[in-house]
**Q** 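Let me give you the structure first, and then I'll get to my questions.
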Amino acid sequence: MSQNYIEIQTVAKHYGKVKALNGATLAFEKGGQYALTGASGSGKSTLLYLIGGLDRADEGSVLVDGKNLNTFNDEELAKYRGNEVGFVFQFHFLLNSLNCIDNILLPSKISAQNSKEVEKRVADLANQLGVSNLLEKYPYQLSGGEQQRINIIRALSLKPKLLLCDEPTGNLDSNNTEIVVNLLMKLASENGTTLIVVTHDRSVASRFSHQVEMKDGQIVH
Ligand code: ADP
Ligand code: MG
């Protein structure tokens, strides 16, 4: 039995001739907080997509809680994403046709979780993140930092075991970067969520107890 939550074993992922991942091997502990760094094109986003079940490895295995994601069919992968994973990306995936609260509650509408509990949790998160007064507004009425906080609430609304963030502060100023990173770390520790944050920002990476660097589709250390 392994105590690692996620095990990436000699994983390869090719896009045509490009080897986005080329034998990456790495383990993540349950509840650990990880910064994933490396030059542009080193395979960080690809690794995140495979861990999050948004795509499949060509070779090797991605084990989560001992289950090999490669063996999941599309339905099982969708269920895994919905039940276990929260995503926060640099570019917001908020729908401008819905107000913020409807954007936040979208995933819970598709899941079987108790809606009253989710709404309570969302209200509490909005309060902690200082955006309670923005929930009825539309995404285009918010600043980048505010939109990112709405994204974080949506990602955490279903209590994911795993929170995957791809350059979550990539388009934020240093003040909002600080706020967002603090919140991600605090909320993840409070919930025992495993947190993986891809970042270019050295000062963001240095905050994490685990720092993983990628190069040419492999883990450097
Ligand atoms: P990073 O996030 O570290 O910048 P990526 O994982 O996005 O790196 O990309 C790794 C390599 O794979 C890059 O060379 C990139 O151009 C290529 N790549 C990523 N996604 C695709 C795709 N959907 N189609 C073709 N090439 C891709
Ligand atoms: Mg990337």
Side-chain angles (χ1 to χ4, degrees), residues 5-28 32-64 68-70 72-74 77-78 80-81 84-94 144-145 147-152 154-156 160 162-174 176-177 180-181 183-185 188 193-221:
Y5 177 40
I6 301 168
E7 291 195 22
I8 310 295
Q9 297 170 344
T10 54
V11 166
K13 178 76 186 174
H14 313 266
Y15 295 107
K17 284 191 179 141
V18 177
K19 291 178 177 167
L21 293 176
N22 190 16
T25 296
L26 172 71
F28 298 89
Q33 301 195 344
Y34 295 82
L36 192 55
T37 62
S40 179
S42 58
K44 306 181 295 296
S45 295
T46 304
L47 182 62
L48 222 55
Y49 296 156
L50 297 188
I51 293 172
L54 290 167
D55 207 345
R56 285 192 177 81
D58 293 327
E59 292 164 31
S61 40
V62 177
L63 303 173
V64 179
N68 189 342
L69 298 190
N70 301 24
F72 285 16
N73 62 29
D74 288 352
L77 267 189
Y80 161 71
R81 289 193 302 267
E84 299 206 21
V85 192
F87 297 97
V88 177
F89 295 109
Q90 171 178 5
F91 299 106
H92 318 295
F93 287 89
L94 298 173
Q147 288 188 28
Q148 198 56 304
R149 279 177 254 174
I150 299 296
N151 259 326
I152 291 170
R154 182 172 61 177
L156 290 171
L162 176 61
L163 184 58
L164 302 176
C165 308
D166 199 350
E167 307 271 5
T169 61
N171 58 354
L172 302 181
D173 61 25
S174 58
N176 275 305
T177 292
V180 164
V181 172
L183 286 167
L184 288 172
M185 296 180 104
T193 304
T194 304
L195 175 65
I196 306 177
V197 175
V198 168
T199 183
H200 267 108
D201 188 331
R202 291 253 156 249
S203 70
V204 170
S206 69
R207 305 265 319 268
F208 286 77
S209 47
H210 301 279
Q211 294 174 31
V212 175
E213 191 183 338
M214 292 191 71
K215 191 179 175 202
D216 301 334
Q218 298 188 339
I219 309 300
V220 187
H221 61 250

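First listed ligand is number 1; within each ligand, the first listed atom is number 1.
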**Q** So which heavy atom in the protein is nearest atom 7 (O) of ligand 1, and how far is it from that ligand atom?
**A** S45 CB, 3.7 Å
**Q** Any non-hydrogen protein atom below 4.0 Å of atom 21 (C) of ligand 1?
**A** yes
**Q** Counting only N and O atoms by type, is there a donor-acceptor contact under 3.5 Å from the side chain of T25 to the main-chain atoms of T10?
**A** yes
**Q** Under a 4.0 angstrom heavy-atom cut-off, which atoms of ligand 1 come close to A39?
**A** 3 (O)
**Q** Quick one: CG on N68 to CD on E7, what's the gap to the nearest 0.5 Å?
**A** 11.0 Å
**Q** Say whether G43, considering both its backbone and side-chain N or O atoms, lies within less than 3.5 Å of an N or O atom on ligand 1.
**A** yes
**Q** With distance as the sole test, does T199 use its side chain to make a donor-acceptor pair with the main-chain N or O of D201 at under 3.5 Å?
**A** yes
**Q** Please tell me if the side chains of L162 and Y5 come closer than 4.5 Å, counting only heavy atoms from C-beta onward.
**A** yes
**Q** What residue and heavy atom of the protein are closest to atom 12 (O) of ligand 1, and at what distance?
**A** A20 CB, 3.3 Å
**Q** I'd like to check which ligand 1 atoms, numbered from 1 as shown, lie under 4.0 Å from a non-hydrogen atom of S40.
**A** 4 (O)
**Q** Pull out every atom of ligand 1 sitting under 4.0 Å from any heavy atom of T46, numbered as shown with elements.
**A** 5 (P), 6 (O), 9 (O)
**Q** Would you mind running through ligand 1 and noting each atom that sits below 4.0 Å from a heavy atom of V18?
**A** 11 (C), 12 (O), 14 (O), 17 (C)
**Q** Distance-only, no hydrogens or angles: does the K13 side chain make a donor-acceptor pair with backbone N or O of R56 under 3.5 Å?
**A** yes
**Q** Please examine the side chains of D55 and T46, heavy atoms only from C-beta on, and report whether any two atoms are closer than 4.5 Å.
**A** no
**Q** Closest non-hydrogen protein atom to atom 10 (C) of ligand 1, residue and atom name please, with distance?
**A** G41 O, 3.4 Å
**Q** Does the N70 side chain pair with the main chain of G60, one donor and one acceptor, at a distance under 3.5 Å?
**A** yes
**Q** Measure the distance from atom 3 (O) of ligand 1 to every protein heavy atom, then report the residue, atom name and distance (to 0.1 Å) of the closest one.
**A** K44 NZ, 2.8 Å
**Q** Does S42 come within less than 4.0 Å of ligand 1, judged by its heavy atoms?
**A** yes
**Q** Does any part of the side chain of L50, heavy atoms only, come nearer than 4.5 Å to the side chain of L69, both counted from C-beta?
**A** no
**Q** Short check: any N/O/S atom of T46 below 2.8 Å from the Mg ion (ligand 2)?
**A** no
**Q** I'd like to know if G16 contacts ligand 1, where contact means a heavy-atom distance under 4.0 Å to any ligand atom.
**A** no
**Q** Can you check whether K44 reaches L48 side chain to side chain, under 4.5 Å on heavy atoms?
**A** no
**Q** Mark whether atom 16 (O) of ligand 1 lies under 4.0 angstrom from at least one protein heavy atom.
**A** no
**Q** Write out the residue and atom name of the closest protein heavy atom to atom 26 (N) of ligand 1, then the distance separating them to 0.1 Å.
**A** Y15 CB, 3.4 Å
**Q** Please confirm whether the backbone N or O of N22 pairs with a side-chain atom of Q218, one donor and one acceptor, at under 3.5 Å?
**A** yes
